[in-house]
Peer 1: 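Before I ask anything, here is the structure I am working with.
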Amino acid sequence: EVQLQASGGGLVQAGESLTLSCATSGFTFGDYVMAWFRQTPGKKREAVGCISPNDGFTYYADSVKGRFTISSDNAKKIVYVQMKDLKPEDTAVYYCARARPGMLGADSWYLSYEYDYYGQGTQVTVSS
């Protein structure tokens, strides 16, 4: 059974940093692109970034580029997102997700339907 367990959320002030973790199990970790999404009430789920664990290749949304870094510990099967210089507009529930088998490119990595498993989410709140 595929399981994705996100953790590390919390309340921080603008400008501070936070790192989220996503522990995974039930599949061959290196075979799948892993991503972070976020969602606020009333808004569509937004892709933050993704990583191909085998080669470390990443994509990021423009809104977080230069501030967020996604990495993976392949031995522990964990995906991280290190978030720096957080802004109030980063406030959301953050989800990790596993992509469907196959390649993702610059025109598809951010599409929610390209991912078949989502974790339960962890709340990040950034106060101004």
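None of the values given here were measured: they were computed from a predicted structure.
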Peer 1: Tell me whether the guanidinium CZ or amine NZ of R45 lies under 6.0 angstrom from the six-membered ring centre of Y95 and within 45° of its axis.
Peer 2: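 Ring-cation test returns yes.
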
Peer 1: Are Y59 and Y113 connected into the same hydrophobic cluster when the rule is that any two of I, L, V, M, F, W, Y join if their side-chain heavy atoms are below 4.5 Å apart?
Peer 2: yes

Peer 1: Consider only side-chain heavy atoms of I, L, V, M, F, W and Y, link residues closer than 4.5 Å, and tell whether V79 and V2 are in one cluster.
Peer 2: yes

Peer 1: Please walk me through it: do L4 and M34 pass side chain to side chain contact (heavy atoms under 4.5 Å, CB included)?
Peer 2: CA-CA 10 Å; L4 308 174; M34 298 296 299; 3.8 Å; yes

Peer 1: Quick one, K65 with R67, criterion side chain to side chain contact (heavy atoms under 4.5 Å, CB included). Give me CA distance, side-chain angles, the key distance, then yes/no.
Peer 2: CA-CA 6 Å; K65 206 170 287 184; R67 299 188 299 121; over 6 Å; no

Peer 1: Between Y110 and L104, is there a side-chain heavy-atom distance shorter than 4.5 Å?
Peer 2: no

Peer 1: Could you pull out the closest heavy-atom pair between A14 and P88, with the gap in Å?
Peer 2: CB-CD, 4.1 Å

Peer 1: Kindly say whether I78 contributes a backbone atom to a donor-acceptor pair with the side chain of D73 at under 3.5 angstrom?
Peer 2: no

Peer 1: Taking only residues at least two apart or on different chains, which pairs with a member in residues 50-81 satisfy disulfide bond (SG atoms under 2.5 Å apart)?
Peer 2: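 Residue pairs passing disulfide bond (SG atoms under 2.5 Å apart), neighbours aside: none found.
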
Peer 1: Which pair of heavy atoms, one from Q123 and one from A92, lies closest together, and at what distance?
Peer 2: NE2-O, 3.4 Å

Peer 1: With the side chain counted from C-beta on, respond yes when Q5 and Q120 share a heavy-atom pair under 4.5 Å apart, and no when they do not.
Peer 2: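 The answer is yes; the side chains approach within 4.5 Å.
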
Peer 1: Roughly how far, to the nearest 0.5 Å, is CG of N54 from OG1 of T28?
Peer 2: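 The distance works out to 10.0 Å.
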
Peer 1: Mind jotting down which residue pairs meet the ring-ring contact (aromatic ring centres under 6.0 Å, His included) criterion with at least one end in residues 8-56? Sequence neighbours excluded, please.
Peer 2: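 Those involving residues 8-56 are F27-Y32, F37-Y115, F37-Y118.
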
Peer 1: Could you check whether N74 and S72, counting side-chain N and O atoms only, form a donor-acceptor pair closer than 3.5 Å?
Peer 2: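 Yes, N74 and S72 have a side-chain donor paired with an acceptor closer than 3.5 Å.
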
Peer 1: Considering all heavy atoms of both residues, which atom of V12 and which atom of S17 are nearest to each other, and what is their separation?
Peer 2: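 Here V12 and S17 meet closest at CG1-O, 4.2 Å.
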
Peer 1: Same cluster or not: are I51 and Y117 linked, directly or through other Ile, Leu, Val, Met, Phe, Trp or Tyr residues, by side-chain heavy atoms under 4.5 angstrom apart?
Peer 2: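 Hydrophobic grouping puts I51 with Y117.
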
Peer 1: Going through the distances and angles, do T24 and R98 end up as a side chain to side chain contact (heavy atoms under 4.5 Å, CB included)?
Peer 2: CA-CA 9 Å; T24 74; R98 191 198 79 169; over 6 Å; no

Peer 1: Evaluate the salt bridge (Lys or Arg N to Asp or Glu O under 4.0 Å) criterion for residues R100 and E114: first the C-alpha distance (whole Å), next the side-chain angles of each, then the deciding distance (0.1 Å), finally the verdict.
Peer 2: CA-CA 6 Å; R100 300 181 187 280; E114 293 287 359; 5.5 Å; no

Peer 1: Taking side chain as C-beta onward, heavy atoms only, is Q13 less than 4.5 Å from V126?
Peer 2: no

Peer 1: Let me confirm one number: the CG-CZ distance from D85 to F68, rounded to the nearest 0.5 Å.
Peer 2: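 Going from CG on D85 over to CZ on F68, the span is 9.5 Å.
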
Peer 1: Can you list every pair that meets disulfide bond (SG atoms under 2.5 Å apart) and has a residue in residues 3-39, with sequence neighbours left out?
Peer 2: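 As it turns out, the disulfide bond (SG atoms under 2.5 Å apart) pairs with a partner in residues 3-39, which skip direct neighbours, are C22-C96.
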
Peer 1: So, does T122 use its side chain to make a donor-acceptor pair with the main chain of A6 at under 3.5 Å?
Peer 2: no

Peer 1: Any link between V124 and V48 through a network of hydrophobic side chains (Ile, Leu, Val, Met, Phe, Trp, Tyr) touching at under 4.5 Å?
Peer 2: yes

Peer 1: Distance check, rounded to the nearest 0.5 Å: S71 atom OG versus Y80 atom OH?
Peer 2: 7.0 Å

Peer 1: If two hydrophobic side chains count as joined below 4.5 Å and joins carry through other members, does Y60 share a cluster with W109?
Peer 2: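 No; W109 is not reachable from Y60 via cluster members.
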
Peer 1: About how many Å separate CD of E46 and OG of S112, when rounded to the nearest 0.5 Å?
Peer 2: 11.5 Å

Peer 1: Is there side-chain contact between E16 and L18, with at least one heavy-atom pair below 4.5 Å?
Peer 2: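 Result no, sub-4.5 Å side-chain heavy-atom pair not found.
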
Peer 1: Walk me through it: do T19 and M83 pass the test side chain to side chain contact (heavy atoms under 4.5 Å, CB included)?
Peer 2: CA-CA 6 Å; T19 298; M83 306 183 291; over 6 Å; no

